[in-house]
There are 2 protein chains.
Amino acid sequence: MPRPSAPILSRELICRTALGMLDRTGRFTVPELAQRLGVSVSSLYHHVSGRAAIVEGIRGLMAAPFAEIPADAPWEAAVVLWARSYRDAFAAHPAAIPALVAQTISDPATLEQYDRIAGLLRGAGFSPNSVVLSITMLDNLCLGAALDVGAPSVIWEDTGRGDSPLRQVLAQASLPDGPDGRSGQAFELELSYIVSGMADLLARDRLAGSWTADGWFPS
Amino acid sequence: MPRPSAPILSRELICRTALGMLDRTGRFTVPELAQRLGVSVSSLYHHVSGRAAIVEGIRGLMAAPFAEIPADAPWEAAVVLWARSYRDAFAAHPAAIPALVAQTISDPATLEQYDRIAGLLRGAGFSPNSVVLSITMLDNLCLGAALDVGAPSVIWEDTGRGDSPLRQVLAQASLPDGPDGRSGQAFELELSYIVSGMADLLARDRLAGSWTADGWFPS
DNA sequence: ACCTGAACACCGTTCAAGT
DNA sequence: ACCTGAACACCGTTCAAGT
């Protein structure tokens, strides 16, 4: 087949198809991707620099439906919205997570989300240190929860027999599996704890700020 | 070379060598591993069922130095010890994390650690649901923190120029990189928040328990 | 500019063969 | 039982060649 009148491929189509393969089969390889697109392997390299770039494109697709945060939202609500978006994005494509996690972020849309939350917290009065620590904590939470949804440990599979402590606890607990059960409830709980902790950080920052900057806070 | 008088290889040696390669070069492949051991590739398969088994062996090696938890330790101290052990184990071999995370746990030593914390919390009075939620939260924290140590996002690299909110915050913050800086401090902070939250869960469990079981709690 | 076929240097796994 | 060499079915990437 010679060159078609209109291009068949595009970066977007390639990444979207790869994500679809991940969703359906849990993996994607370059040859299989080419086959699925009805195209030769080497064609892909005219639109995408390699496998890593495809994965990064997938990250971009997944970051797209990130929630808009109202400019006048209180920081607590914004943080909750941000974290849920982050986590939902992963939960929607659990099979993609291992690929994403194995690779450092370079997708601009994803990086922008971090900028948004950073600016937001700074505006709310958090000190630079507190912003960095808060984002790290939220990142830990979302990434951990994403991995939990994407590849729940055998730990949580109730297939195993035996009467180890963990098995007994699982048998007695009434938490269904999946995003709405154990994983989701733990996420919401942990998120609320972090937000509470952040409120403490903020209170401390305000105290220190007014004290060192203006000196009106009597020693 | 014919069969040597004493076996050259062992599961342990293979896994230990593979872990060493990960630590040094950030990756290991079966051919390179064989070469490093001065052995042919197919020899490995007499001691290990495949690459996945080697990775699982590595998980076992990393779980080995888990801290002993004194039987009479209060649950708060036990949880903190457990989480730090978990996280330190990963932090000691950051390059191994992506390989471990891509694969479901089957290593018995690792599974045992989950049993220990489950039994411990149950003994402290946590309800089954609270145990499951607590372990999930701690797991999220440790895994997220491990990934953070193992493959810190470009987000935290101060190489980038420009004046995005995140860059500004990083420039103004005074948190060095690495386990003792940003990552470690956020871990400790988040851990303390989770422990506080767990105390709430426990208090609620005790209330509900005494109420439903004995009925002495007046409505 | 866009797609192709062929080649390259890998990878993990298997298996009959040796002692 | 333990190690070997050769083969297998893959993988991601490159590149000269076509239009």
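Computed from a predicted structure; not experimentally measured. Numbers restart at 1 for each chain; the letters A, B, ... are given by sequence-line order, proteins then strands.
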| message | With a 4.0 Å limit, can you tell me whether A/His47 has a side-chain N or O closer than that to the phosphate oxygens OP1/OP2 of C/dC3? | response | yes
| task | Evaluate the ring planes of B/Phe66 and B/Tyr86, with Trp represented by its six-membered ring, and classify them as parallel (under 30°), tilted (30 to 60°) or perpendicular (over 60°). | result | tilted
| query | To the nearest angstrom, how far is A/His46 atom NE2 from D/dG18 atom P? | reply | 15 Å
| query | Where the side chain of A/Ser40 is concerned, which of C/dT4, C/dC3, D/dG12 is the nearest nucleotide? | reply | C/dT4
| How close or far is atom P of D/dC10 from atom CG of A/Leu33, stated in whole angstroms? | 17 Å
| said: With no hydrogens and no angle check, just 3.5 Å: does a side-chain donor-acceptor pair link A/Arg122 and B/Gln172? | reply: yes
| query | In whole Å, what is the span from the CG atom of A/Leu44 to the C1' atom of D/dC15? | reply | 15 Å
| note | Under a 3.5 Å limit on both distances, the Watson-Crick or wobble mate of D/dA7 is C/dT13
| note | C/dA1 -> Watson-Crick or G-U wobble partner, both distances under 3.5 Å, gives D/dT19
| Counting just side-chain N and O atoms, does B/Ser43 come under 4.0 Å of either OP1 or OP2 of D/dT4? | yes
| message | Is there a salt bridge (charged side-chain N to carboxylate O under 4.0 Å, His left out) between B/Arg16 and B/Glu12? Walk through the geometry before answering. | response | CA-CA 6 Å; B/Arg16 208 171 283 284; B/Glu12 161 117 20; 2.2 Å; yes
| query | Given atom CD1 of B/Ile14 and atom P of C/dG12, what is their separation to the nearest angstrom? | reply | 14 Å
| task | Please state whether the phosphate of D/dC11, meaning OP1 or OP2, lies under 4.0 angstrom from any side-chain nitrogen or oxygen of A/Arg27. | result | yes
| said: Once you apply a heavy-atom cut-off of 4.0 Å, does B/Val41 come out as touching a base, just sugar-phosphate, or nothing? | reply: base
| query | For the pair made of CD1 in A/Ile54 and C1' in D/dG12, what is the distance, rounded to whole Å? | reply | 10 Å
| task | Assess whether one donor atom and one acceptor atom, taken from the side chain of B/Ser42 and the base of D/dG5, lie less than 3.5 Å apart. | result | yes
| field | Note: A/Asp148-A/Arg182 ion pair, threshold 4.0 Å (strictly below) | value | yes
| said: In this structure, how many angstroms lie between the C1' atom of D/dC10 and the CD atom of A/Glu32, rounded? | reply: 10 Å
| Please give, in whole Å, the distance from C/dT4 C1' to A/Gln35 CD? | 16 Å
| query | Taking atom P of D/dC11 as reference, at what distance in whole Å does atom OH of A/Tyr45 sit? | reply | 12 Å
| query | Does the side chain of B/Thr110 come under 3.5 Å of the side chain of B/Arg59 through a donor N or O and an acceptor N or O? | reply | no
